Structures are given as C-alpha cells and as structure tokens.
Number of protein chains: 2
Amino acid sequence: MTAKKPLDRPDWWMDLPDAVDSRHYLGVRDSIAAHIHNGNLAEGACLPSERQLQTGTGAARGTIRAALFQLEAEGLIYRKERSGWYVSPPPIVYDPTRWEGFMSYVAAQGRTPKTELLDARTIAATAELAVVFGVDMGAPLYEIRRRRYIDDRAVLVETIHVDPRLTPSLLEHDLSQSLTQVLRSHYSIAVVRNRIEMAPCALTQDEAVALRLKSGLPGLLVKRISYDAQGRVVEYDLEYWRHDALKISVDIRVGN
Amino acid sequence: MTAKKPLDRPDWWMDLPDAVDSRHYLGVRDSIAAHIHNGNLAEGACLPSERQLQTGTGAARGTIRAALFQLEAEGLIYRKERSGWYVSPPPIVYDPTRWEGFMSYVAAQGRTPKTELLDARTIAATAELAVVFGVDMGAPLYEIRRRRYIDDRAVLVETIHVDPRLTPSLLEHDLSQSLTQVLRSHYSIAVVRNRIEMAPCALTQDEAVALRLKSGLPGLLVKRISYDAQGRVVEYDLEYWRHDALKISVDIRVGN
DNA sequence: AAGTGGTCTAGACCACGCC
DNA sequence: GCGTGGTCTAGACCACTTT
C-alpha cells in the first residue's frame, strides 16, 4: 500500500515546524520556505504541483499561487513554464571590478558554465550603436547573440556588438567560448576599462523565450562597454539575467 | 456638469495608442505603461483606483491587479499600503567604486536626500558581528538604525555597526547627517577600502514597516564593510533598499 | 492523453489610510 | 465613515509540457 499517491503531497510534507496558518498565503509561503531550508526540498528539486499543495489546506489555488509568487520574488524558487516550480540554486557572485569573463568566474565558484551561440552576423549600426562606437549610422558592426548556462540552467541571454575594424573576421572564430579569450589571443586586444550598468528590468518576449521564462518576469539588465588602451570601444554587451541568478560583490580600494 | 466623477477613470484615459486588449492583464499593463510614458501619468502621480481601472474594460479586479503587480516588478509603479498606486521616480545611480556617502551622491544627481535617525545604542556583539569586527562575542558595539529618503520618499533603512574603540562617544554626535563626514571630521578616520555585496531579497516585517511597504515585497540588500588604512573595520552597514530606487553603475580601469 | 501552470471571472470580507 | 488596497474563495477554460 505504499503505492504512489499522485494527487497528494509527499509524505514528509506535514513534518513542518508547524504553527503556521496555511490558509493564508504568507503561511503557505513560510511552510514551503521551511521545507526548502530543512532540506526536504533540495536545490533544483521540483515542488509538488499547485493543486497538490492545496490538498488538505482548504486554500484556494489563488492563495497557493500568491505564496509561490512571493517565493519567486525572493529568489527561493523559480518556474519552468507549464512544467512546474523548482528550488533555486544559489546565485553566482559577480564582481564587476575583476575582469574575467563569465566562463572563468562561474568556474571559479565551482559551477559549470556553458555558452551557446544563438546568432552571429553583420548588421548596420543603429542610431544608438553609432553613438556608442563613434561610427556613422549604418556602418557595419558584428552582432552576436548568445545564451549562457550555469549547471545547465539558462541564466542569461546577451547581445554583443563589436566593431569589425578592430576585429576583422571575428565571426569566423568559435564564438561559443570566452570572447575575452578570442580577442586576446587572435587580435591581441586587451580590455583596460569597463563601464557597467545594472538595473532591474522586465524580460521582454525575446529574452523570456530564450530563457524559457514567462515574458514579463523581472530580470536584471547588465550593460557593459569595454575599452582598449586607446579608448576604443572593444565590446558593447547587453546581458539579460534571470533575477535570481546573480549577486554582486565588489572589493575596492578608495582612490585618495 | 464638469462635476467630479469619482468612480470613473480620468477623461484622458481613453487617449491611448489603443490596439491593446484590455481584457488581458498584459494589455492592461501596456495601457497603463503607455500613460506613464506619454506623460498622462506623471512621476509621483497617483493612479486611478483598481476599481476605477476596471470600469468599462469588463476585466475582473484580479486581472487589473495582475497588471499592477507586473508594473511594480518592473519598477514603473509602487504602492503605498492601502493608499494607492503611484508612478515611480527614476532610480538613483549608485557607483560602489566612488566613495562618497548617500548624502553626496543623491545630491549630485539633483535629488534631495534626507536621513532620519531611528535608533542609536550600544549593544553586545553577536556571533556574526564578532567575526566581522574581530572582537569577542558580547563586546560592546554601537548600533545605529536610520531611514533615508530621496525627495521625501523613504528608499532605504539601514543598520550600521561601529566599533567604539575606534570612535568613542560616537552616539553623542549628530547621526542624522553623513556618517562619513562625522568619522572624518571628529575622528580623522578615512575609509580606504570597501567591501560591498548586493543581492535581491524580500523585505521582512521590520524593514517593510519602516519603508511603509507591504512586508515580503522584493527589495535590494546592500551590505558594506569599510576599512581604514590599518585594515580595521570602520563601519559595517546593512542597507535594505526598495528594489526600484537603485541602479548600479561602475566605471573601472582593469588593473593589468 | 494527462497533468501542469497561466489566466480569468465574480463575487466577498477585512484592515487600514485619509478626511 | 468612506474608499483604498489586501486577501480569499470557487469555480472555469486554455496552452503548453510531459509521458
């Protein structure tokens, strides 16, 4: 009689520190959070379905969902569209002052980075790009779109623009590896200055689809412009991150 | 007959670029967003009430709210508990590598900073604090709680810890001003190094109340440890920001 | 085909801000 | 005391993922 009970919550579900009112969404939230913290729900694990979570609580599905949204905003869980809710892995720590690329700093934290090339082509500079690169509108630029993973979970999509005058035939190289690497080894270009901006944003259609997220979910936009020793723009990168995948850490000496 | 129509939306409401399906929450979202961008809803303005937004659309209140939550996550609007929804002011730009305090960088961006002292006292070091300051557990530390405003909107609450051995009688000074300033002018302490961490978080009861927000809303946690020339911890600061009030910008030269 | 989340409706009552 | 948002119920149907 230990047969599967597909429509019930798992057996351990009631092992809570109890004392939470699971008719209220914050109570439901606390109860799920407790299961995450005590290890019943491990990192990456799939939560019981929303309808399963209802059973026994007398709560409406809307109440359960309110709790799940809450946990999502806190970064504890995330969802795969129409598949389920999962426990979030810990965020990667990003230090904008250290200039190593994604591949190195993810690996340095014991995680597994992966890059997937989505698209690489030559485009005509838009007004905005023309300003950034100091070229005429319509001038040719390389545009590279990539998706990057940590431990096989897609965490960001990026669009990189590069000036072909600095890096002729760039697109012929392997772009699913560290671009920093390619620039250094094939073009002897070293980045000496970075301008970085980060702000919360909403993921639009394109990014959301690429990350397999629901369009409109909050994300983090990281904009980076890299310059070489001559002050030329080497790389203009727009990264759209899942909001729960990144944590910023900076260690700086104050000039003075 | 231009009397107030308290249960209707404002007259300009229908001047949309239309073509949005306002029975769906993303349509409602787009329509409100359009009003914000075209200036019908100015910065700081109060939106029509949820029930007013329903009128004429045939949408349920839940649908309207879904749209409002969406805009909130994107940082376009915020709410005051049980008072209403408001258009967010632009975020302040924070550059962790420049070491001026809150008062200076807010003012430098043409906004009006304000600091309010909530509490200042001597406490016994907890285990965590003892590690940070390299003192014994139970050793005395100053604890300062402040709330800070931009243009009269509360944007963060912070808890600062300071070692009294470095700054004896600190609590007797005016703590509603720049602490950086006080440390420099009264104790000749200069910060030469900062360690900063930032991560999304949920605002707990205390912080939420202090910011007049709903408990559990997403926020941004900024943790800062400042060191003097001798490597001593000068200040340990935990700041809880409204998630929409801050944007990060860094400009760095790469050492090498 | 079954199960999941995604969305929506149409009510209801409550706690609190504001006047 | 009125209006606001805050919460909740109890359905329903859809679009997609998964098996």
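All of these numbers come straight from a predicted model, not from anything done at the bench. Chain identifiers are assigned alphabetically (A, B, ...) following the order of the sequence lines, protein sequences preceding nucleic acid strands; residue numbering begins at 1 within each chain.
To the nearest 0.5 angstrom, B:T115 atom OG1 is 6.0 Å from B:F102 atom CZ. Taking CG of B:D119 as the start and CG of B:L117 as the end, the distance is 7.5 Å to the nearest 0.5 Å. If you take OH on A:Y105 and CG on A:D95, they are separated by 10.0 Å, rounding to the nearest 0.5 Å. From B:Y78, atom OH reaches atom CZ of B:R242 across 6.5 Å, with rounding to the nearest 0.5 Å.
Salt bridge annotation for A:R153-A:D151: absent, with no cationic side-chain nitrogen under 4.0 angstrom from a carboxylate oxygen. A salt bridge between B:R145 and B:E158 is absent, with no side-chain N of the basic residue lying under 4.0 Å from a carboxylate O of the acidic one. Salt bridge annotation for B:E74-B:R29: present, with a cationic side-chain nitrogen under 4.0 angstrom from a carboxylate oxygen.
Taking atom CZ of residue B:R65 and atom P of nucleotide D:dT4, one finds them 13 Å apart after rounding to whole Å. Between the CZ atom of B:F69 and the P atom of C:dC8 there is a distance of 14 Å, given to the nearest Å. What separates CG of B:L47 from C1' of D:dG3 is a distance of 16 Å, to the nearest Å. The CD atom of B:Q54 sits 13 Å away from the C1' atom of C:dA12 (whole-angstrom rounding). One interatomic measurement links the two molecules: CD of B:Q70 to P of C:dC8, which rounds to 12 Å at whole-angstrom precision. Between A:I64 atom CD1 and C:dT7 atom C1' the separation is 17 Å, expressed in whole Å. If you measure from atom CD of A:E50 to atom C1' of D:dC16, you get 14 Å, rounded to the nearest angstrom.
Nearest heavy-atom pair across A:E43 and A:S88 is CG-O, 4.0 Å.
Axis orientation changes by 20° from one end of the helix from C:dA1-D:dT18 to C:dC18-D:dG1 to the other, with each end axis drawn from 5 pairs and the value rounded to 10°.
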Would you sort out whether A:E116 and A:R146 count as a salt bridge (charged side-chain N to carboxylate O under 4.0 Å, His left out), showing the intermediate values?
CA-CA 6 Å; A:E116 185 187 356; A:R146 308 195 292 186; over 6 Å; no
Side chain to side chain contact (heavy atoms under 4.5 Å, CB included) between B:I92 and B:W241, intermediate numbers included:
CA-CA 11 Å; B:I92 204 78; B:W241 285 75; 4.0 Å; yes
With the criterion being N/O to N/O and under 3.5 Å, what pairs connect the protein with nucleotides 9-11 of chain C, and how long is each?
unit_1 : atom_1 : unit_2 : atom_2 : d
C:dT9  : OP1    : B:G58  : O      : 3.0
C:dT9  : OP2    : B:A60  : N      : 2.6
C:dT9  : OP2    : B:T63  : OG1    : 2.5

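Judged by distance alone with a 3.5 Å cut-off, no donor-acceptor contact links the side chain of A:R51 to the base of C:dG3.
In this model, the phosphate group of D:dT4 is approached by a side-chain N or O of B:Q52 to a distance below 4.0 Å at OP1 or OP2. Between B:H24 and C:dC8 there is a side-chain polar atom (N or O) within less than 4.0 angstrom of OP1 or OP2.
Applying a 4.0 Å cut-off to non-hydrogen atoms, the residues of residues 74-85 of chain A that approach DNA chain D are A:E81, A:R82, A:S83, listed by residue number.
Counting non-hydrogen atoms of neighbouring residues, nucleotides and ligands closer than 6.0 angstrom, the NZ atom of B:K114 exceeds 12 such neighbours.
Judged by closest nucleotide on DNA chain D, B:L68 is the one of B:L68 and A:A66 placed further toward the 5' end.
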